[in-house]
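Quick note: numbers below take in every heavy atom, side chains included, and nothing from hydrogens, waters or symmetry partners. Lettering of chains follows the sequences in order, A, B, ..., and the numbering in each one begins at 1.
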Amino acid sequence: MFSNKFIQQRIEKANILREAGINPYSNESQRNTTVEKFLNVNSDIEQKEDKRDENRIYTVSGRIKLLRIMGKASFVKIEDESGMLQIYVARDNLAEGFYNTIFKKHIEVGDIIEVTGYPFVTGKGELSLHANDLKILTKAISPLPEKFHGITDKEIRYRKRYLDLIMNAGVRKTFQIRSKVISLTRRFFEDKGFLEVETPMMHPIAGGANAKPFVTHHNALGVDRYLRIAPELYLKRLIVGGFEAVFEINRNFRNEGMDATHNPEFTSIEFYWAYKTYKDLIEITKEYFQYLFEHLDLPTILPYGDLEVNFDNFQEIPLIESLTTIGGVPADIVNDKEKIIAYLKERHIDVNAAMNLGQLQGELFDEFVEEKLIDPTFITEYPVEISPLARRSDANPAITERFELFIAGREIANAFSELNDPLDQLERFEGQMAAKDCGDDEAHAMDTDFVEALSYGMAPTAGQGIGIDRLVMLLTNEHSIRDVLLFPAMKPLTTEEEPCKSKEEE
RNA sequence: GUCCCGUUAGCUCAGCUGGUAGAGCACGUCACUUUUAAUGAUGUGGCCGAUGGUUCGAAUCCAUCACGGGACACCA
């Protein structure tokens, strides 16, 4: 595995260090400050007459990113999680012989070292650490990628994310923001009185969304289980049970295509709120975004690729209305099945003639409206045919009390006043079953256990799901979901080998 | 699933209509005590993604496959 000559060379250096009594994998770190703290605390050094203070002694640690050996002195840039620091290493400040025989020969870029010394400012004005003592903590036997271009090959960046993180500071920043978004989301809902819950990841019936599930098998019970495609039906069972505000932040799994906005496992928050309607969800969503922007310290006008998104400009428009005002579809066709089909066909858009009116309106929306929604827009009043779990509008039973939030042409959230009429729910499931029989393999599965739960009475409730990955993409100006997932799904490089027998079996 | 593009040294990339492999960085050796991708000299480094084919001769042309990227379709 380590046949590469550069690796061999570095293994040899590690061995020489061992022979010299130096442990190349020492566990004895004496670090007492981080790079960031060192730079902050000593920012006054520049004001001092001789631009140094030999009485301040610090020990910092980090990976060597750059190394400039200039005879009897060297400059080393080390990096820890907090930042990059320049170290000045002079032969005569170190133990006799260490500089020439150890430092120059056997310590190199990629190694993790620890340095003790005092702060000073170089002739070129950079606050640095003057080394009095230096030791290696960890020998890197694989060389780092090129120091200037770093690593740009996307395949290597995703497969070896650790290298990407070592070489590309911006990547670390993206994942720090992701972590903050999740943490802030949790805090926001907790502060609102929501209870965080964990519901099953393995479902007997894959429900709560229209998607193909991953299937696994439970040996002890002798039954197949589905990795969940959504937590929705379990969270609603909890509302039936009497919890009035619950949320779950977790992974969903969908056995479908992969592209810039789809990974087989993705993270969402779903929350359910009793005695509220989708109108209340619009308000809390606006509040949530305000909270995020405030605590992430982001300007409310953010660039996204060539676009500019104004997060202060939330719009709200019913779906049918958006077809004409935003999509430019003539008003006289949007409620006529035959006219919609003709309209789509004229524009060479494939359309299944068996689709009902609601589905066709959905098609029109996807085709002519979605990508034009740049500033955050709540599209409301979805047709009942494409909203199997949403509550019907009392005023107009053809539509549901639902919205989807679109930002930068992408769906970010889906929410509705929940259907809590058990008989209506049963009918909708039956409708989905019929669709399944007609070949729609993503149609919703029948879940009689869930219908039974509703039959005990679920308080009027509003529920919402927000795609965390896509939200992070927006906030970090990333355009591939792989760039906001630490370890995105990748095909294996080689076929799996037969598992070898353990020695006990032989 | 379909189409397009890519795969050459550890990394970033050249390599034209076929004639047996190049640069920079990194690495080795030497010089250099305030550099900023340090510099100067010198050297090592490759099954040109895999397998077949065409050819006297293939990194280069053709076919198939693998992996990646992008677009489309489906979905969040």
| Atom pair distance, as rounded to whole Å: NE2 in His149(A) and C1' in rA26(B) | 13 Å
| query | Counting side-chain heavy atoms from C-beta on, which of rC74(B), rG45(B), rU29(B) comes nearest to Lys5(A)? | reply | rG45(B)
| query | Whole Å only: how far is the CE atom of Met258(A) from the P atom of rA76(B)? | reply | 17 Å
| query | Taking the side chain of Arg159(A) as heavy atoms from C-beta outward, which of rU36(B), rC67(B), rA37(B) is closest to it? | reply | rC67(B)
| C1' spacing across the pair rA21(B) / rA73(B), given as an integer number of angstrom | 43 Å
| request: Return the nearest nucleotide to the side chain of Arg482(A); candidates are rC27(B), rG69(B), rU33(B). | output: rG69(B)
| field | Inter-nucleotide C1' distance (rG69(B), rG43(B)), Å rounded | value | 37 Å
| note | Picking from rU44(B), rG69(B), rU34(B), the nucleotide nearest the side-chain atoms of Thr122(A) would be rU34(B)
| message | In this structure, how many angstroms lie between the C1' atom of rU33(B) and the NZ atom of Lys104(A), rounded? | response | 11 Å
| Rounded to the Å, how far apart are Arg68(A) CZ and rU36(B) P? | 7 Å
| field | base_contact_polar (rU33(B) base, Tyr88(A) side chain, donor-acceptor, <3.5 Å) | value | yes
| Anti/syn call for rC5(B), syn if |chi| within 90° | anti
| query | Can you tell me how far C1' in rU55(B) sits from the matching atom in rU20(B), rounded to whole Å? | reply | 15 Å
| query | Rounded to whole angstrom units, what separation is found between the NZ atom of Lys154(A) and the P atom of rU12(B)? | reply | 13 Å
| field | Atom pair distance, as rounded to whole Å: CZ in Arg251(A) and P in rA76(B) | value | 19 Å
| request: Indicate whether Phe266(A) forms a stack on rA76(B); treat it as stacked only if centroid distance is below 5.5 angstrom and interplanar angle below 30 degrees. | output: yes
| note | Which of rA26(B), rA76(B), rU12(B) is nearest the side chain of Phe6(A)? It is rA26(B)
| task | Give Arg157(A) one of three labels, base, sugar-phosphate or nothing, depending on what nucleic acid heavy atoms sit under 4.0 Å from its own. | result | nothing
| Met70(A) CE - rA31(B) P separation (whole Å) | 15 Å
| request: Flag the pair Phe314(A) / Phe378(A) as yes when their ring centroid distance falls below 6.0 Å, and as no otherwise. | output: yes
| Are Phe148(A) and rA37(B) stacked, counting the six-membered base ring, centres under 5.5 Å, planes under 30°? | yes
| query | Taking atom P in both rG10(B) and rC27(B), what distance in whole Å separates the two? | reply | 15 Å
| Does the gap between the ring centers of Phe271(A) and Tyr288(A) come in under 6.0 Å? | no
| Which value, in whole Å, describes the distance between the P atoms of nucleotides rA58(B) and rU54(B)? | 11 Å
| request: For this output row, return yes or no: ring centroids of Phe416(A) and Tyr382(A) closer than 6.0 angstrom. | output: no
| query | Of all the nucleotides listed (rU33(B), rU34(B), rA76(B)), which has the minimum atom distance to the side chain of Arg91(A)? | reply | rU33(B)
| query | From rA37(B), rG68(B), rU36(B), pick the nucleotide closest to the side chain of Gln86(A)? | reply | rU36(B)
| request: Can you tell me, in whole Å, how much space there is between the C1' of rG45(B) and that of rA9(B)? | output: 6 Å
| request: Could you give the distance separating rA71(B) and rC16(B) at their P atoms, to the nearest angstrom? | output: 29 Å
| query | When rounded to the nearest Å, what value does the distance between C1' atoms of rA31(B) and rG70(B) take? | reply | 50 Å
| message | In whole Å, I'd like the distance from the NE2 atom of His479(A) to the P atom of rA71(B). | response | 11 Å
